[in-house]
Amino acid sequence: MKKHWPVIIFLSIFFALIAVKLISHPTPFFDWDESLYVQTGKEMIGQNKFLMPVWQGQYWLDKPPLIPLIYGLVAKLTFLAVPEITTRLFSLFISIIILAFVYVFYNRVLKDRWLSTLTVAITAFTPLFLQRTQTVNLDIFILLGWLGYILFFDNFFASLFFLFIAVMGKSLIGFYPVALIFIYYFYKFFKKEIGQKDLEKIIKKIFIQSLILLSWFVAMFFVFGKAFFWQHIIESHFRRVTSSIEFHFGQRTFYITLAADQMGRFFYLGIIGGIITLISFFKNKISSKNAFYSFYLLFWFIFLNLTKTKIFWYFYPVIPQFAFLAVVFINQFNSKIFKIIFGIFLVILLFNQSYRQNVLAVNYSKQEPYYDLSLFAKNKCQSLEILINKTNRDSFVTLDKLGLLITTTKWWGEHPSMVYYFGKKINFYYETKDFDNIYKNKGCFVIDKNDANYLTGNTKQFGDYFLIMK
């Protein structure tokens, strides 16, 4: 504790600041992630269905069940406080653990508590990391699992625990650390840094761990059949790599541009640090172990740039990588004075970047008209029939023609948070002919202002939306 007091003080202040913000300014769950995971977790517990996430009574085969279940349990067990606070405080708690792991992980290379703390600070104040720290999401668990697996690799059960979190959080992508450590130890064997017996021991260990977790996929295939294989493996994994499914388009340089936007000047410093580290490795100035730690998360960034589907939050696990590389070049200076000068420069740069973005004052959701509509209808309607607005209807027609829709694309509507706040069945309609058929009946219907031709009878307006009660 005494040795690492700088990072302890930083994490304590960071936790206190974010916690006060979350408690003093609660906001509704935003679309999409928060409402999806809390609602599916709520349904899993309420319906005693724990094999897969459940959305409006149907198994959501795209995702593993762990993260929605965790958030559902947090919301249920902390019933004395509103879920909008407790679930986000839980995300903050996990983020603090991640930052502690980032410190320990990169301190093994830097061996400097101040530089390691600076790496943590740059990571913490990156906008995307801040957003994930204050919201319900599964990305934090991926990074937790990836870092924890390497940090506790020598302990079979501890490393298996963190691999479990990663795989049950993000499915096959969770095996990322297994692939990297497999390559790493093969390299060490090739360079004669370890013997054949050591390699066989490592391979046996990761094979058993992988086999344990892969058994879940086999079990789910037997339970759900071809639907699981198609939705979970083909659509959720391979199609995201090979095509820009749904609305996730972007240029080939999408993630590079995103990295520059998120990291600011630290991105360019990170490139310099990466080049210096790579040169040092080839000149045998750093060990293969240090090189492995130095570039551990970079391969995920390289992979992202090869995928066709562009989603900004996929960049989240790479943030500590660029933060570290932006700092590591300081270690090249032999002079302590130069280290201090450049360290102060990076601190000023971080403060300026965070101040301009006003990162601690940003809210990620607000009271929107569709929240008000959902809460109003909750006590007046048994179900809601919602016609998607014309712009989105046309977009879905285009995507369908291009073959860029997946099985669950039309499950969510425009605002899946409406399902959580309404608390009952909502049917979303993407074609007017389907809506026309149901509109003949009695019930509650929601339309956009551009579909005013449907207006009739008892109507209440919420922003651009109309609630029609027949």
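Any value given below was found using the heavy atoms of this structure, including those in side chains, with hydrogens, waters and symmetry copies removed. Please read these numbers as outputs of a predicted model, since none were measured by experiment.
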| message | Check the orientation of Trp5 and Trp114. Use parallel for under 30°, tilted for 30 to 60°, and perpendicular for over 60°. | response | perpendicular
| Aromatic ring centroids of Phe267 and Phe322 under 6.0 Å? | yes
| message | Centroid separation under 6.0 Å, is that true for the rings of Phe428 and Trp412? | response |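 For Trp412 and Phe428, the ring centres are not under 6.0 Å apart.
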Distance only, no hydrogens: is a donor on one side chain within 3.5 Å (strictly under) of an acceptor on the other, for [X] and [Y]?
{"X": "Thr257", "Y": "Gln251", "answer": "no"}
{"X": "Ser35", "Y": "Ser417", "answer": "no"}
{"X": "Tyr316", "Y": "Arg132", "answer": "no"}
{"X": "Glu235", "Y": "Trp230", "answer": "yes"}

| task | Determine yes or no for a side-chain-to-main-chain donor-acceptor pair under 3.5 angstrom, with Asn363 supplying the side chain and Ser365 the backbone. | result |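 No; judged by distance alone, with no hydrogens or angles, the pair does not exist.
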| Does any N or O in the side chain of Gln321 come within less than 3.5 Å of the main-chain N or O of Leu297, such that one atom is a donor and the other an acceptor? |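 Confirmed, Gln321 side chain pairs with Leu297 backbone.
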| field | Cationic tip of Lys170 above Phe141 ring, under 6.0 Å, 45° of axis | value |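 No, Lys170 does not lie over the aromatic ring of Phe141.
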| Which residues pass the side-chain hydrogen bond (donor to acceptor under 3.5 Å, both in side chains) test with Ser288, sequence neighbours left out? |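 Counting only residues at least two positions away or on another chain, Ser288 forms a side-chain hydrogen bond (donor to acceptor under 3.5 Å, both in side chains) with Glu193.
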| said: Determine whether Thr277 and Ser294 satisfy the following criterion, side chain to side chain donor-acceptor pair (under 3.5 Å), listing intermediate values before the conclusion. | reply: CA-CA 8 Å; Thr277 303; Ser294 297; 5.2 Å; no
